[in-house]
Amino acid sequence: MAEKDAIPVGVKHTATKRATAAALLACLLAAAPALGQTKTVLRISTPAVPEDWHVKMLYVFRDELNKAAPGRFDVQVHHSGTLFRQGAEAVAMQRGNLEMALLSMQDIARQMPEYSIFTAGYLIRDPEHLAKVYGGPIGEEVTRRIAEVLGIQLLQAVYLGTRQVSLAQPRSVRTPADLAGVKLRMPGSKEWLFLGQALGANPTPLAFTEVYLGLKTGTIDGQDNPLPTVKSAKFYEVTRQIVLTGHLVDALHLAISSKTWHALSAAHRAQMKRAAAKAAGFNDENRVREEKELIEFFRAQGIEITVPDVAAFRKTVQDAYLKSEYAEKWPRGLLERINAVK
Ligand code: KDO
């Protein structure tokens with residue numbers, strides 16, 4: 001810049017200060033609700049208990065969103081199935097009675113049977129595979145289809161854990177045949193019950209909130225859940241054995257109704273996605289860590305930890321799915337694509 005064109009130093013500083021102040025004000029205005037605008041209420045429903053990483057994760061989501069958009073949202077976490085019972089959340093969102101939930105693919109498959117593929121035992125290999133499947137092109141495609149068909153927007157996949165079988169009374173379990181006659185509690189939908197049946201057990205439907213009492217009173221002989229859930233829901237207090245079947249590497253999805261989603265600005269949607277990703281990072285890290293640590297914790301509680309013939313379980317369960325009416329509805333080529341994700 002030629003000397004004569006240069007802005008005199010004093011003026012330059014004042015101009016810079018003004019520009020900074022203007023930028024700051026613009027930021028504040030973008031973040032704060034407009035005059036007279038009420039906060040968007042986001043009620044999130046989950047059956048998980050307060051000690052569960054999923055509930056803790058929802059507070060991370062709330063705090064991150066509040067940091068990004070102060071005063072714009074009123075995030076309310078409803079845990080323990082107190083707002084909507086387990087399995088009723090998707091329909092509640094579709095009817096405009098609920099804004100957000102942690103949904104399972106079993107919930108989705110009730111209305112989109114082709115996605116029962118994600119409920120199949122011994123399909124997803126481990127947490128990394130799970131993150132890559134939902135975080136890559138398959139996840140994008142599934143998210144788009146679910147939004148089109150159900151009017152529900154999946155924001156973020158979160159790890160639930162690798163499901164294991166736990167039993168109120170110990171028994172020798174090497175193969176699925178050894179679970180014959182065992183009243184194994186499963187969540188109450190046919191996709192879940194099929195998994196229990198494929199494991200060789202006698203699947204018994206029961207809501208998550210009733211499992212503890214069911215185990216204690218003997219209404220059920222066992223249940224299946226990942227180790228962090230067995231800890232947070234205190235199922236270990238009423239069971240004596242954990243059989244490390246590892247039959248389902250399971251996910252949940254933080255989801256929002258399309259009605260709520262489309263009412264948001266693009267900037268707020270982006271902030272919400274970032275908050276969901278942060279929350280997922282927190283959850284996944286803690287769950288993966290706990291899955292490694294908890295065996296020792298349970299042993300110390302007097303729980304017998306047994307390792308079955310996992311290959312026998314895998315073969316029986318995979319065969320059951322491939323021969324089932326579910327597999328007939330799976331989108332052509334999706335199984336191969338999921339298997340090919342490395
Ligand atoms: C359960 O009821 O066993 C289950 O693990 C099923 C999941 O889909 C999910 O609903 C979960 O419970 C709850 O979030 C409690 O952890």
Side-chain angles (χ1 to χ4, degrees), residues 44-59 61 77-93 98 100-111 115-116 118-121 124 130 134 152 154 156-167 183-196 199 201 203-215 219-236 238-239 242 245-255 279-280 283-284 286-287 290-291 294:
I44 316 180
S45 183
T46 172
V49 295
E51 295 75 19
D52 194 301
W53 293 112
H54 284 152
V55 173
K56 295 182 188 169
M57 174 199 94
L58 293 176
Y59 293 117
F61 171 74
V77 177
H78 295 271
H79 55 73
S80 311
T82 45
L83 189 58
F84 284 95
R85 67 179 166 74
Q86 184 180 37
E89 303 92 339
V91 173
M93 287 162 79
L98 177 67
M100 295 185 74
L102 277 168
L103 296 183
S104 65
M105 285 315 269
Q106 288 79 1
D107 296 325
I108 305 284
R110 284 166 97 167
Q111 297 188 57
Y115 289 153
S116 62
F118 295 105
T119 72
I124 301 290
L130 184 143
Y134 288 118
I152 290 174
L154 302 188
Q156 174 71 50
V158 299
Y159 186 46
L160 172 61
T162 301
R163 299 182 84 92
Q164 320 285 0
V165 168
S166 55
L167 299 171
K183 280 185 278 165
L184 185 68
R185 173 271 168 180
M186 302 301 288
S189 78
K190 68 180 182 31
E191 291 74 17
W192 279 113
L193 295 173
F194 186 76
L195 178 62
L199 285 166
T204 309
L206 200 64
F208 183 79
T209 41
E210 280 152 45
V211 175
Y212 185 97
L213 206 60
L215 288 165
T219 328
I220 48 173
D221 301 322
Q223 68 86 39
D224 88 307
N225 254 300
L227 301 183
T229 309
V230 174
K231 164 115 189 299
S232 58
K234 300 197 165 54
F235 295 155
Y236 65 89
V238 282
T239 43
I242 294 176
T245 46
H247 53 275
L248 183 66
V249 178
D250 209 2
L252 289 177
H253 297 265
L254 184 58
N283 167 78
D284 294 7
N286 279 301
R287 278 186 182 264
E290 260 200 357
E291 283 192 315
L294 281 175

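Predicted model only: the values in this text are computed from it and were never measured. Note that the numbering runs from 1 along the sequence shown for the chain. Start at 1 and go down the list; that is how both ligands and their atoms are numbered.
Take Arg287 and apply the salt bridge (charged side-chain N to carboxylate O under 4.0 Å, His left out) test, not counting sequence neighbours, and it matches Asp52. Not counting sequence neighbours, the partners of Pro205 by the side chain to side chain contact (heavy atoms under 4.5 Å, CB included) test are Leu193.
At a threshold of 4.5 Å between non-hydrogen side-chain atoms, the residues Ile108 and Phe118 do not count as touching. A 4.5 Å side-chain heavy-atom check between Leu102 and Leu254 finds at least one atom pair inside the cut-off. Inter-residue side-chain proximity for Gln111 and Val91 is flagged as met; some heavy-atom pair is nearer than 4.5 Å.
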Can you give the donor-acceptor pairs under 3.5 Å from side chains of residues 222-232 to other protein atoms, not counting sequence neighbours?
residue	atom	partner	partner atom	Å
Gln223	OE1	Asn225	ND2	3.0
Gln223	NE2	Ser166	OG	2.8
Asp224	OD1	Arg163	NH2	3.3
Asp224	OD2	Arg163	NE	2.7
Asp224	OD2	His247	NE2	2.8
Asn225	OD1	Arg163	NH2	3.4
Ser232	OG	Pro228	O	3.1

Are there any N/O pairs under 3.5 Å between ligand 1 and the protein, and if so, what are their distances?
residue	atom	partner	partner atom	Å
ligand 1	2 (O)	Gln86	NE2	2.7
ligand 1	2 (O)	Arg185	NH1	3.2
ligand 1	2 (O)	Arg185	NH2	2.8
ligand 1	3 (O)	Arg163	NH2	2.8
ligand 1	3 (O)	Arg185	NH1	2.7
ligand 1	3 (O)	Asn225	OD1	3.4
ligand 1	3 (O)	Asn225	ND2	2.9
ligand 1	5 (O)	Arg163	NH1	3.0
ligand 1	5 (O)	Arg163	NH2	3.4
ligand 1	5 (O)	Asn225	OD1	2.7
ligand 1	10 (O)	Gln86	NE2	3.0
ligand 1	12 (O)	Gln86	NE2	3.3

